[in-house]
Each structure stands twice: as C-alpha cells, then as structure tokens.
Amino acid sequence: MQNLWYKNAVIYCVDVDAFKDSDGDGIGDFRGLADHLDHIEALGATCIWLLPFYPSPNRDNGYDVSDYYNVDPRYGTLGDFAEFMQAAGDRGLRVIVDLVVNHTSIEHPWFQASRSDPSSRFRDWYVWRKDKPADAEEGVIFPGVQQSTWTFDRKRREYYNHRFYEHQADLNIANPAVREEIQRIMGFWLALGVSGFRIDAAPFILEDLKDDPHAYLAELQSFLSWRRAEAILLAEANIEMEEAGDYFGDGDRLHLIFNFPLNQRLFLGLARQEAEPVAALLKDLPAIPDIAQWATFLRNHDEIDLGRLSDGEREEVFSAFGPDKDMQLYERGLRRRLAPMLGGDERRIRMAFSLMLALPGTPVLWYGDEIGMGENLALPERHPVRTPMQWTPDGAGGFSAADPKAWVRAPVLSGPFAPAFVNAEAQKVEGDSLFSIVQRLVRARRAAREIGWAQAEVIDFGAPSVLGLRARWRDGEVVTLHNLGERPVTVDLAPVVEGRRCVNLLRQAVGEPQGAAGEWRLGPYGFEWLRLA
Ligand code: NOJ
C-alpha cells in the first residue's frame, strides 16, 4: 500500500501557454516548460498537472478541444511533448494531463460530421434533440455569459446539449463508441508516458448514463490499471461530501477528487480568522478507501467557487477578499489570485500555504502562487489569474500586453505585484522569500507522510483562531498548529505532547513546549509543524 505515490505527491499545475515562451512569439510552449523544470523541482513538487494543451480554437483556455491526439502548434509539436516528458522524468517528476471529454469544441471534426452528414458514424456522438427541452435555461455553469444549455444547430436542424459554453458540445457518453474513443485517447497519452488524468467536469460526464452511472468510473480505472499500473484518475467533481462514496467506490473508481467543499470552508475560515469552518468540515469528512485521496488546493485556474456556502457566508468571503464587483464572477465566485486576496500580507499568505499543506489530502499548487503573483482584473472572466509566469524583474519572459494573439495573457505590469517586485529570479536566492518558505513547507509536507495517510483529527485548544490537527499513521504522529488570526495566541500543548520529545519540522530544531504548562505561542498568522516521538 505505501507505494501509492499520489497519496503523498505534491502536484504543481501548469498552463503551458502562460509558463515560459521559448521562441518569442508571446505564447508559452513545451520547450520553455522543459527548460524551466528546475523551478518546479526546486519547489519540491513531485508531479506536474498540465492544463489542456491540445489543438483548440481556444475559446475556453483549451477546454474546447478540436483534436485529442496532438499538441496545439502554438505550444510545439508532439516531438516537443515527448522531449518534455523525458526531461520531467529525468528530474523524477511525474506528469498528469487534463482529460476533457464531457464535450468537444464545435469545431471538432466529429461535431462537424455529426451536424452535417446524416450517414456519418459520428451522428450519435453528441446529445441531440428535435425540440428544445423545457429546462434548457436551467443549470448553466457560467451565468451572465452563457444563456442556455441547448442550442439550435442550423445544419442539423436540431438542438444540441452543452453543459458549458455554446461552443462546447457535450459528447454522448451513453454511446459505447464514444466510450471506446475515450479509452483510445487515454491509451494514447499513457503510451507517451503520462501518469494519469485530471478528469474535467466528471459529474457531467456521468449525467448521460442511465443505470448506476458511477460504475463507469470503475470501467475507466480498470482500463487504466491494465495499461499503466501507476496511473491515476483525479476528478474535478464539485460534489457534496455525501456523494464521495459513489465516486470513490470501494477503491475501484477514482483515486482522487478535488475537495471543493473544503476549499470553500477554508476561505470562510480565513475571512473570519476562525478555525471553526474548516474544523467542522474535517470532523465530518467521510472515511474513504485506503487507495482513495482528496486533492487539496488554495487556488486554481478557475474562479474560487463559493457556491456551497450560504448566501451570508459567501458575502463574508466577498467582503473580506473580493469586495469590488469586478473581482466577483458568475454570482458565486472570486476571480483573484491568493496573494492580492490576502492583501499581500506575507505572513498570512505563508500561513495559508502551510495550512493547505497540512490538510488531509494531496496538495495541488497553481503556478505563480508560490511567488505570490497578482491578478490582472482588466481581463475577462477567469483570465485574471492566468497571466504569464513572472520569471524576471524586467517583465514576464517574452509575453507582452501588446501581442493581440496573447491578449488574454496580458501580464500584470504595474502595482505591487508587478514583475519588478514579484519574480522567481529574486525569490530563489532570497532565504526568506515566499518561494523559499513554500519550498520549506513542501519539504515538511513530504517528510510528514502521516498527513497523506491518516484520517485527520482536530485538536481543540479552546482558542477560536487556532486550527490544531493531528495525523497518526503507523508509529508516526505529526501535529500542526495554525493561527488564522492576526493576533498572537498562546495554546497549551502539554496534553498533546504528553512529555514526549518533539521535533519542529519547519526549523528542524528539537524543542519542548515553553514553560511548565506546555505553553506554545503562535504569532500573528503563526504556524508550527511538530513531529512527536
Ligand atoms: C472545468 C474547467 O476547470 C474550466 O476551466 C472549464 O471551463 C470547464 N471545466 C469546461 O471544460
């Protein structure tokens, strides 16, 4: 069991487009990424998750695929991809890729055939209806931007279903030929060496299936295990906690699911400067099979989705972290990066990283957050958080706001988060930079394997701003303390330490609680990681 690599992986998410441009055309590419893997390795990440890089009209950041078996020419060639895989492997980095099969771009040749050629074998590859369903305006994912989930196609003279944008037609997963094709796509990328998939929009893939839809996940896992034993399925599934069992099965379905409910409670806790929202969720976290795992995160390439909070709670997070209308999106979320949300307060940003890494699950980091990048709110929808990686003080390595091809990548060029103040080059050599701290925290997380394996226990210190967590696995015990508040606080560790020796995992110092009563002082937004012997 203990060789399940993903239980203690540290995943770093990269948008190839925005990471590093090697040829000066204003668009990131695989060569640029392959040349900058040292950054990811130095951070201590063990796995890279690539956002979609397939040929695409790029109307949804690549989540509108027009060819599943290639690399978009803007990012290079399949040859460059293979070279990148080799370079990642040389550094001991695994790679997982996005599997976007709920829908294709309407420019995909399958859709083009399905709409225009009655004799095509792709005729039933999409979800068509003669009449517009009565609920066509319900369940839109991007309110304000998307009107409906059914659109009339002039060629076929029927309506097609699209859970997301109108240009993303839903595949008909109920069709066995489509499911066979999905396996072919997975097989192709596995053959090129990837270690698994992030499954885009997982719940919507299942919604076409009639009886026991979740059983399809077992079919996918079984396929994967025969092709490449170590490969994983990490699902984007913004589900209720009670549904987790259906998705994990008996350990025969998904390996990982992003913990969206936890992410929302985390931001509520940060906003209130109180541990309770997180603690309450952790106390109710359902037991999951040994091989299953949560994926924890602070930010990703989308908006922070606060849709599972009550209206009042969401307002609290909005007023703390995104009071302006243009920081909010789709009536439920915030289109902001971590650092500016936390007011650029480095103590608080560090604590947020530390807390995320201490939570039960496998941490997933969004590129650029490790150096505290800001957002560009002048960009539409979710693009503000997808600006070019800031490598050097004098700009964003080849990306320019003036390039019309790359306009949705327009870098952050002014203000406190501009490259002059926030860049990887400077942070790598400064011992107390955010990058260096995150690096140390990642190292601590990798040393504390208990966190990846244990069912987390919440320790109540009677201090509202403090989240105490204990992870016990085999002979090991790791205790983490986080002060979500801006005021210092002292907690009594004696009942936790019980006279044992304790090693401070962040400073590698052996310590004992100060004072006879075992008092431990946490500064404003302070945190500690302790291993108890
Ligand atoms: C979820 C992705 O994270 C998001 O970026 C995308 O727009 C939708 N799925 C549609 O693919």
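- Distance check, rounded to the nearest 0.5 Å: CE of M389 to CD1 of I371 gives 4.0 Å.
- For the pair P419/P393, no side-chain contact is recorded, criterion being any heavy-atom separation below 4.5 Å from C-beta on.
- For the 3.5 Å distance criterion, the side chains of D305 and N238 qualify, holding a donor opposite an acceptor.
- At least one side-chain heavy atom of L484 sits less than 4.5 Å from a side-chain heavy atom of M351.
- When ring centroids are compared, F260 and W294 stay outside the 6.0 Å threshold.
- The side chain to side chain contact (heavy atoms under 4.5 Å, CB included) check on C13 picks up W49, L51, W366, with sequence neighbours excluded.
- At a cut-off of 3.5 Å, with distance as the only test, no side-chain donor of N102 or D200 sits close to an acceptor on the other residue.
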Stepwise side chain to side chain contact (heavy atoms under 4.5 Å, CB included) check, V71 with Y54: CA-CA 5 Å; V71 167; Y54 318 105; over 6 Å; no
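- A side-chain N or O of D17 and one of Y75 form a donor-acceptor pair less than 3.5 Å apart.
- I199 pairs with exactly one of L233, L256, V101, D98 by the side chain to side chain contact (heavy atoms under 4.5 Å, CB included) rule, that one being L233.
- Atom CD in Q183 sits 10.5 Å away from atom CG in L190 (nearest 0.5 Å).
- Without hydrogens or angle criteria, Y525 side chain to I349 main chain gives no donor-acceptor distance under 3.5 Å.
- Atom CE in M186 sits 5.0 Å away from atom CG in L224 (nearest 0.5 Å).
- The aromatic rings of F142 and F164 sit tilted, their planes meeting at an angle between 30° and 60°.
- Put simply, the side chain of I11 does not reach to within 4.5 Å of the side chain of Y6, judged on heavy atoms.
- Rounded to the nearest 0.5 angstrom, N423 CG and Q390 CD are separated by 7.5 Å.
- Using a cutoff of 4.0 Å between basic side-chain nitrogens and carboxylate oxygens, D369 and R299 are not scored as salt-bridged.
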Audit row: Y367, Y12, ring pair (Phe, Tyr, Trp, His ring centres under 6.0 Å) steps and yes/no: CA-CA 7 Å; Y367 84 89; Y12 184 87; 7.4 Å; no
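- Of the charged side-chain nitrogens involved, at least one lies within less than 4.0 Å of a carboxylate oxygen, so that D80 and R31 count as a salt-bridged pair.
- Residues E303 and R332 are paired through a salt bridge, judged by an N-O separation under 4.0 Å between the basic side chain and the carboxylate.
- Aromatic pair Y165/Y63: centroids not less than 6.0 angstrom apart.
- A donor-acceptor pair under 3.5 Å is absent between the side-chain atoms of T296 and the main chain of L359, judged by distance alone.
- Between D38 and R91, some side-chain heavy-atom pair lies under the 4.5 Å cut-off.
- Sequence neighbours left out, the pairs with a member in residues 20-40 that pass ring-ring contact (aromatic ring centres under 6.0 Å, His included) are F30-F53, F30-F81, F30-F84, H36-W391, H39-W391, H39-F435.
- Once rounded to the nearest 0.5 Å, the distance linking CZ of R184 with CD of E181 reads 5.0 Å.
- Side-chain contact, H482 with S354: a donor N or O sits under 3.5 Å from an acceptor N or O.
- Without hydrogens or angle criteria, T387 side chain to A410 main chain gives no donor-acceptor distance under 3.5 Å.
- Within the 3.5 Å criterion, the main-chain N or O of S114 finds a donor-acceptor partner in the side chain of R156.
- L281 has its side chain out of reach of V278: every pair of non-hydrogen atoms, C-beta onward, lies at least 4.5 Å apart.
- Taking the charged nitrogens against the carboxylate oxygens, D60 and R382 do have a contact shorter than 4.0 Å, which makes a salt bridge.
- Side-chain contact check for I451 versus L357: every heavy-atom pair is 4.5 Å or farther apart.
- With hydrogens and angles left out, the side-chain atoms of N483 and S465 include a donor and acceptor closer than 3.5 Å.
- A salt bridge links E230 and R228; the closest N-O separation between the charged side-chain nitrogens and carboxylate oxygens is under 4.0 Å.
- The backbone N or O of P57 lies less than 3.5 Å from no partner atom in the side chain of E107, so there is not a single donor-acceptor pair.
- Side-chain contact check for D64 and S56: at least one donor-acceptor pair (N or O, by modelled atom type) lies under 3.5 Å.
- Within the structure, salt bridge (Lys or Arg N to Asp or Glu O under 4.0 Å) contacts touching residues 413-426 (residues at least two apart or in different chains) do not occur.
- Distance alone, capped at 3.5 Å, places no donor-acceptor pair between the E207 side chain and the I205 backbone.
- Within the 3.5 Å criterion, the main-chain N or O of G24 finds a donor-acceptor partner in the side chain of D21.
- Note on R386 versus D302: salt bridge recorded, some NZ/NE/NH1/NH2 to OD/OE distance being below 4.0 Å.
- Judged by distance alone, with hydrogens and angles left aside, the side-chain atoms of Q146 form a donor-acceptor pair with the main-chain N or O of I141 at under 3.5 Å.
- For the pair V364/N300, no side-chain contact is recorded, criterion being any heavy-atom separation below 4.5 Å from C-beta on.
- Remark: side-chain polar atoms of D29 are paired, donor with acceptor, to backbone N or O of G32 under 3.5 angstrom.
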Intermediate values then yes/no, ring pair (Phe, Tyr, Trp, His ring centres under 6.0 Å), F111 and W128: CA-CA 11 Å; F111 186 78; W128 295 99; 5.5 Å; yes
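- Ring-centre distance between Y68 and H108: below the 6.0 Å cut-off.
- A salt bridge is absent between R335 and E375; no separation between the charged side-chain nitrogens and carboxylate oxygens falls under 4.0 Å.
- Aromatic ring centres of F297 and F258 lie closer together than 6.0 Å.
- A salt bridge does not link E486 with R348: none of the charged nitrogens is closer than 4.0 Å to a carboxylate oxygen.
- Once rounded to the nearest 0.5 Å, the distance linking CD of Q293 with CG of N259 reads 10.0 Å.
- Shown here is E83, whose CD atom has no more than 12 heavy atoms of other residues, nucleotides or ligands within 6.0 Å.
- Side chains of S436 and Q427 form no contact here, defined as non-hydrogen atoms less than 4.5 Å apart.
- No side-chain donor-acceptor contact under 3.5 Å links Q147 to the backbone of E137.
- With salt bridges taken as basic N to acidic carboxylate O contacts below 4.0 Å, none links K155 and D153.
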